[in-house]
Amino acid sequence: MIDWHSFVAPAAGAAKVQAPQEAIRTEDIHRQLERICTSKTFRGSLRLTRFLRFVVETTLAGKSDTVKAYTIAVEALDRGCDFNPESDPIVRVEAGRLRHALARYYAEAGRDDAVAIDLPRGTYVPVFHRPGTENDNASAPAPYVFEGASEDLDCAPPSGAQRASANLWTRATRTARIALYAVSVLAILQVLFDIDQQLTGGGNRGLLFKLWPTRNAVAVQSPAIAGEPVIYVEPVTAVGDPTPDVPRASMIRERMFNALARFDDVTVVSDPPRDGPAASPSASKFAGKLAPNYRLSTAVNYFPDGAVMEAVRLIDAADGTIVWAKSYDHKGDPNPNRPRGHISSDVAQTLLQQFGVIQAREASKRTNADPMQDSYRCILDTNAYQRGFNPSLYGPARDCLEHATAESHPLDGVFVKLARLYVSDYQFGGAGGPAGNRAALYRAYQMAVRAVDIKPTSAVAQFAMEQVLLARRDFEQAKVAGENALSLNPYDNAVIFGRAARLILTGQIDEGMAALRQNTNKKSAVWTGHHFLLALGSYLKDDLATAEMEISQISNENFPPGLMLDALVAAHNKNRLRARHDIEVLYAKYPSWRDDAHANIGYFLPDHDMADSIGNEFEAVALDLKKHPDVVGSVKPAEHP
């Protein structure tokens with residue numbers, strides 16, 4: 001397969017190199033390509049960047065005849081070799097998006113650039129020219145619309161007369177289509193609601209009212225059951241006068257906004273709520289304002305000696321219940337190395353992290369909600385599965401997320417959770433099938449790309465991309481995604497965990513362990529992945545005591561890496577009975593481990609040397625236990641976690 005990102009551009013004027021303006025050197029085009037790909041317009045869209053790089057660099061390499069829908073799909077958009085452009089419009093759709101993005105770039109950041117790169121309609125081969133010197137082969141990119149994104153690559157660009165005729169026919173067809181749609185909608189409304197009776201003052205005699213006779217059409221769903229939670233950050237109440245070295249009330253509120261707004265799956269608002277009970281976010285949008293589900297209240301006392309006390313409370317707007325409260329006392333700044341805004345970051349972490357206060361509250365409030373009607377409930381259910389890998393939770397969580405992707409405006413978190421779900425299918429197997437399924441890893445990448453495309457500033461979207469790229473052994477790009485995630489939200493425990501996991505799994509054990517331990521000290525609840533990585537890092541550093549302590553915290557027989565590592569630690573400690581039990585459970589729940597444990601270890605340990613070392617040790621332990629089934633050792637078996 002062609003390595004789309006590493007073409008060597010030929011000398012200017014080489015055969016097959018498209019050069020509408022001979023004065024433009026290939027080096028200038030390469031510099032322009034980098035300028036475009038690193039611009040604000042393109043930086044957040046990996047798919048458009050890869051598309052543009054592929055077609056430009058392939059053309060500059062003298063291979064413009066290979067720039068076809070199939071090669072673009074396979075080389076740049078990660079479609080499989082069975083890609084069929086007739087049934088999958090991905091290339092046509094992305095080409096339309098690319099033309100629109102190029103037009104936006106040259107209208108804004110690139111309006112003074114010396115080189116223009118265009119993708120004319122009717123072809124996927126780019127043209128290069130000086131701005132203002134477009135030739136007959138180049139045309140301005142069209143606005144991004146799905147209906148106008150198709151190309152016939154076997155036909156030459158239409159003539160002016162053909163375009164005029166086609167445009168006239170298109171306008172006539174569109175007008176007729178709109179008229180037909182309008183008539184159809186009116187007919188449906190007539191049948192369902194008997195709308196003429198409403199206009200003339202008659203009663204409700206439509207089909208809908210006959211099938212569902214009710215006097216009061218009032219929604220019975222709980223106000224909280226609709227979309228992601230909304231938090232209103234109240235103005236800070238201050239008592240006393242602040243000294244010059246402490247933050248004022250307005251600054252405290254701004255810091256709260258800054259910390260809370262970094263988290264996804266929650267909406268933070270600054271406008272006061274409307275009168276009356278809290279409404280659902282979906283309903284309140286029609287009123288032009290989001291009604292909050294929660295209010296964050298902060299009161300600050302300033303003392304003459306410079307001491308400050310902040311009292312923060314989270315209040316459920318539906319019933320006024322105080323969900324969480326905490327006080328912070330400090331005099332001046334006893335820790336000069338502590339970053340500014342540490343209180344707001346602590347509040348954000350406590351409330352908004354995965355398994356935090358708000359997620360726990362929402363999970364309780366949405367117990368009876370239909371997940372298929374509430375995508376945020378899908379996210380909560382997926383978190384519950386990934387915390388314990390309970391097979392019974394897998395199917396409903398996956399089905400719910402996949403259903404949510406078809407919504408008109410799905411939450412970005414839906415694609416993030418699907419990416420993480422699919423990548424865990426590839427790494428660990430289980431309810432989603434055996435580990436090592438490349439199709440699952442491909443789906444994970446698709447979902448991560450979609451999440452980043454929807455919201456480039458989402459830290460968890462970049463974190464999901466980091467996980468997927470790590471599983472694909474693309475360590476450099478995984479590092480880029482991880483650094484992006486951490487810069488977007490340094491307070492998110494999942495993001496911090498992602499960086500630590502990448503470091504440990506790629507051999508930077510000491511640095512990764514330090515990051516994990518620092519993060520563990522900041523939270524009361526540590527999930528399976530934290531304990532496993534701490535145990536793995538300790539085991540690789542020959543710290544068996546710490547490894548045993550950490551692995552004993554994983555009370556989960558549905559997590560195959562945990563069973564594997566527990567068996568290794570037990571064998572090193574001569575606890576053969578416990579090691580045998582681990583391996584028997586592992587083989588019973590995951591039969592593929594009996595056939596090829598080495599391969600299964602490689603699916604979740606991307607570093608080849610680390611995977612080989614762990615794999616050889618595990619197979620040696622399993623073989624020894626098989627050869628000597630009656631030898632249990634002198635150490636009493638510890639209770640299996």
Side-chain angles (χ1 to χ4, degrees), residues 1-4 46-47 50-51 54 69-91 93-94 378 381-382 385-386 389 391 393-406 410 413-454 461 463-475 477-478 481 505 558-561 589-606 608 611:
M1 297 179 72
I2 300 172
D3 190 0
W4 63 268
L46 180 62
R47 180 173 291 179
R50 294 186 64 178
F51 193 128
F54 175 76
Y70 178 83
T71 55
I72 294 171
V74 174
E75 304 292 346
L77 303 180
D78 286 325
R79 285 297 195 260
C81 294
D82 58 348
F83 172 77
N84 182 358
E86 297 297 326
S87 59
D88 188 343
I90 181 64
V91 179
V93 171
E94 294 303 318
C378 302
D381 289 349
T382 307
Y385 166 72
Q386 291 181 325
F389 295 96
L393 301 178
Y394 173 85
R398 182 201 60 201
D399 294 345
C400 181
L401 289 174
E402 291 176 345
H403 174 79
T405 62
V414 167
F415 298 100
V416 170
K417 294 302 179 184
L418 265 179
R420 295 184 61 189
L421 195 65
Y422 290 150
V423 80
S424 68
D425 287 348
Y426 169 78
Q427 292 175 319
F428 312 133
N437 185 346
R438 299 294 299 183
L441 186 57
Y442 171 64
R443 289 195 298 270
Y445 180 73
Q446 284 184 308
M447 294 299 103
V449 169
R450 183 74 183 276
V452 173
D453 279 347
I454 291 176
F463 160 58
M465 179 63 76
E466 177 188 26
Q467 284 195 306
V468 174
L469 292 172
L470 188 63
R472 289 162 58 116
R473 294 189 169 92
D474 190 346
F475 299 149
Q477 291 302 314
L505 297 179
N558 295 314
F559 187 59
K589 288 181 174 289
Y590 303 93
S592 63
W593 277 76
R594 185 190 301 273
D595 302 328
D596 194 348
H598 220 104
N600 279 273
I601 290 171
Y603 295 141
F604 64 85
L605 292 182
H608 288 293

A.B. asks: Could you report the tightest heavy-atom contact between G602 and A611, atom names first, then the distance?
C.D. replies: CA-CB, 4.0 Å
A.B. asks: For M447 and Y422, work out which heavy atoms get closest and say how close.
C.D. replies: CG-CE1, 3.8 Å
A.B. asks: List the steps, then state whether side chain to side chain contact (heavy atoms under 4.5 Å, CB included) holds for C378 with V414.
C.D. replies: CA-CA 8 Å; C378 302; V414 167; 5.6 Å; no
A.B. asks: Parallel, tilted or perpendicular: which one describes the rings of F389 and F428, with boundaries at 30° and 60°?
C.D. replies: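 F389 vs F428 ring planes: perpendicular.
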A.B. asks: Any idea which heavy atoms bring A478 and L470 closest together, and the distance?
C.D. replies: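 Closest heavy-atom pair between A478 and L470: CB-N, 3.8 Å.
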A.B. asks: Quick one: closest heavy-atom pair of A404 and P410, and the distance?
C.D. replies: O-CB, 3.4 Å
A.B. asks: Got Q427 and N600 here, is their nearest side-chain heavy-atom distance under 4.5 Å?
C.D. replies: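 Result no, sub-4.5 Å side-chain heavy-atom pair not found.
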A.B. asks: Looking only at heavy atoms, which two atoms of W593 and P560 are closest? And how far apart?
C.D. replies: NE1-CB, 3.9 Å
A.B. asks: Checking L77 against F54 for the side chain to side chain contact (heavy atoms under 4.5 Å, CB included) test, could you report, in this order, the C-alpha distance in whole Å, the side-chain angles of both residues, the deciding distance, and whether it holds?
C.D. replies: CA-CA 10 Å; L77 303 180; F54 175 76; over 6 Å; no
A.B. asks: Under 3.5 Å, is there a donor-acceptor pair linking the side chains of Y70 and N84?
C.D. replies: no
A.B. asks: Carefully, step by step, assess M465 and Q477 under the rule side chain to side chain contact (heavy atoms under 4.5 Å, CB included).
C.D. replies: CA-CA 9 Å; M465 179 63 76; Q477 291 302 314; over 6 Å; no
A.B. asks: Between N437 (side chain only) and G433 (backbone N and O only), is there a donor and an acceptor less than 3.5 Å apart?
C.D. replies: no
A.B. asks: Would you give the length of the straight line joining atom CZ of F475 to atom CG of L505, rounded to the nearest 0.5 angstrom?
C.D. replies: 8.5 Å
A.B. asks: With rounding to the nearest 0.5 angstrom, report the CZ to CD1 distance, R50 to I72.
C.D. replies: 12.5 Å
A.B. asks: Knowing that exactly one of N558, D425, T382 qualifies, which makes a side-chain hydrogen bond (donor to acceptor under 3.5 Å, both in side chains) with Y394?
C.D. replies: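 In the set N558, D425, T382, the residue that makes a side-chain hydrogen bond (donor to acceptor under 3.5 Å, both in side chains) with Y394 is D425.
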A.B. asks: Under the salt bridge (charged side-chain N to carboxylate O under 4.0 Å, His left out) rule, collect the residues that match up with R443, sequence neighbours excluded.
C.D. replies: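 For R443 there are no salt bridge (charged side-chain N to carboxylate O under 4.0 Å, His left out) partners, ignoring immediate neighbours.
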A.B. asks: Could you grab the distance from atom CZ of F415 to atom CD of Q446, nearest 0.5 Å is fine?
C.D. replies: 11.0 Å
A.B. asks: Out of curiosity, R420 CZ to Y385 OH, how far, rounded to the nearest 0.5 Å?
C.D. replies: 12.0 Å
A.B. asks: If you look at every heavy atom in A419 and A448, which pair is closest and at what distance?
C.D. replies: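 Smallest interatomic distance, heavy atoms only, reads CB-N, 3.7 Å.
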A.B. asks: How long is the gap from CZ on R398 to NE2 on H403, to the nearest 0.5 Å?
C.D. replies: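 That separation rounds to 14.5 Å.
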A.B. asks: Determine, step by step, whether V91 and F83 satisfy the side chain to side chain contact (heavy atoms under 4.5 Å, CB included) criterion, reporting the C-alpha distance in whole Å, the side-chain angles of both residues, the deciding distance to 0.1 Å, and the verdict.
C.D. replies: CA-CA 11 Å; V91 179; F83 172 77; 4.0 Å; yes
A.B. asks: Supply the atom-to-atom distance D381 CG to Q386 CD, rounded to the nearest 0.5 angstrom.
C.D. replies: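 Rounded to the nearest 0.5 Å, the CG-CD separation comes to 11.5 Å.
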